Student: 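What follows is a structure written as structure tokens; I'll ask about it next.
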Amino acid sequence: MENNTQETMRSTYITPVTNPEIPAKVAEKIEKEDEYDLVSSLLAAAEYQQEENLIEAVEIKRKGKLYFTVHLHPLSDEEHSFAMKKASKYYENPQGKKLPKVRGEIDAPLFNSWMIYLATTDEDKEKIWGNPAVMKKLGCLKPVETIGSLVTMGEKGDLLRTVFRLSKMTDDDDEEEISDEEYAKNSSR
């Protein structure tokens, strides 16, 4: 059964060479090259967080003055889950202390800060959010805590929208711009 499944999967992704003019050994070599290309593509897809074309620079400006630039990359599902866990409060399980704790409410500002922090490139995590002089001056114990002090609520929203777009958590690229008037008409239905 397993062998049959592997053959089905293999035939789905690899185009067999059935041209009678191509010798069997050459056809087999072409199929192995196709298989190698698939493996290379899959491994390349797994490196999405380090891909230069998926890292986006976001400038923090106020009244035309540039304060700093932060570089963001897409988040994985595990990082999103980690951010939720770090921003949640946990309580004793009402059905017994031996059972796992129950997740309570999520601290939304802290969750947003974790999302931004985890999506920041390692260099910027250290240079911007984890800057020792800034952390000491602001009284922050963890680099993620500096985010709330360094950016306004609107800037934080812009950073989050960038993270969501890069992580394909929204369909911003596919949606058309909707005017305020059109939104008001459709939302009253």
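Numbering of residues begins at 1 and proceeds along the displayed sequence. Source: prediction; values computed, not measured. Side chains are part of it too, since the values below use all heavy atoms of this structure and drop only hydrogens, waters and symmetry mates.
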Student: I need the L75 CG to K168 NZ distance, nearest 0.5 Å.
Tutor: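 Rounded to the nearest 0.5 Å, the CG-NZ separation comes to 14.0 Å.
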Student: To the nearest 0.5 Å, tell me how far I147 CD1 sits from I116 CD1.
Tutor: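 Interatomic distance, I147 CD1 to I116 CD1, rounded to 0.5 Å: 5.5 Å.
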Student: Heavy atoms only: give me the nearest G148-S113 pair and the separation to one decimal.
Tutor: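 Closest pair (atom of G148, atom of S113, distance): N-OG, 4.2 Å.
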Student: Whether the side chain of N93 engages the backbone of P100 through a donor-acceptor N/O pair (distance < 3.5 Å, no angle test) should be reported.
Tutor: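 It does hold such a pair.
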Student: With ring-ring contact (aromatic ring centres under 6.0 Å, His included) as the criterion, how do H80 and F164 come out once you've worked through the C-alpha distance, each side chain's angles and the decisive distance to 0.1 Å?
Tutor: CA-CA 11 Å; H80 180 266; F164 289 160; 7.8 Å; no
Student: If you measure from CG on L150 to CZ on F68, what distance do you get to the nearest 0.5 Å?
Tutor: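 If I round to the nearest 0.5 Å, the distance is 5.5 Å.
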Student: Nearest 0.5 Å please: distance from the CG atom of L72 over to the CG atom of L54.
Tutor: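 Output value for this atom pair is 12.0 Å.
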Student: Indicate the atoms forming the closest heavy-atom contact of M115 with A83, along with that distance.
Tutor: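 Shortest heavy-atom separation between M115 and A83 comes out as SD-CB, 4.0 Å.
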Student: Tell me, please, which residues at least two apart from K125 pass salt bridge (Lys or Arg N to Asp or Glu O under 4.0 Å).
Tutor: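 So K125 forms a salt bridge (Lys or Arg N to Asp or Glu O under 4.0 Å) with D122.
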Student: Same cluster for Y117 and M84 if Ile/Leu/Val/Met/Phe/Trp/Tyr side chains link at under 4.5 Å?
Tutor: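 Yes; M84 is reachable from Y117 via cluster members.
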Student: What pairs meet the ring-ring contact (aromatic ring centres under 6.0 Å, His included) rule with one or both residues in residues 81-100, with sequence neighbours excluded?
Tutor: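 Of all non-adjacent pairs touching residues 81-100, those that pass ring-ring contact (aromatic ring centres under 6.0 Å, His included) are F82-W114.
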Student: How long is the gap from CD1 on I128 to OH on Y67, to the nearest 0.5 Å?
Tutor: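 OH of Y67 is found 15.0 Å from CD1 of I128.
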Student: Would you indicate whether the side-chain heavy atoms of P109 and K156 approach each other to under 4.5 Å?
Tutor: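 They are in contact (side-chain heavy atoms under 4.5 Å apart), so the answer is yes.
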Student: Residues in side chain to side chain contact (heavy atoms under 4.5 Å, CB included) with E155, at least two apart?
Tutor: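 Residues passing side chain to side chain contact (heavy atoms under 4.5 Å, CB included) with E155: I60, R62, V151, T152.
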Student: Please output the side-chain donor-acceptor pairs of residues 135-142 that fall under 3.5 Å, not counting sequence neighbours, one pair per line with the distance.
Tutor:
none

Student: Looking at OG1 of T120 and CH2 of W129, how far apart are the two atoms once the value is rounded to the nearest 0.5 Å?
Tutor: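 The distance works out to 6.0 Å.
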Student: Output every pair passing salt bridge (charged side-chain N to carboxylate O under 4.0 Å, His left out) with a member in residues 81-90, not counting sequence neighbours, ordered by first then second residue.
Tutor: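 Sorted result for residues 81-90: empty, none.
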Student: Which residues satisfy the side chain to side chain contact (heavy atoms under 4.5 Å, CB included) test with T69, sequence neighbours excluded?
Tutor: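 In terms of side chain to side chain contact (heavy atoms under 4.5 Å, CB included), with neighbours along the sequence ignored, T69 is linked to A57, E59, L66, H71.
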Student: With heavy-atom distances below 4.5 Å as the criterion, would you say the side chains of S167 and H73 are in contact?
Tutor: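 Side chain of S167 against side chain of H73, heavy atoms only: no contact under 4.5 Å found.
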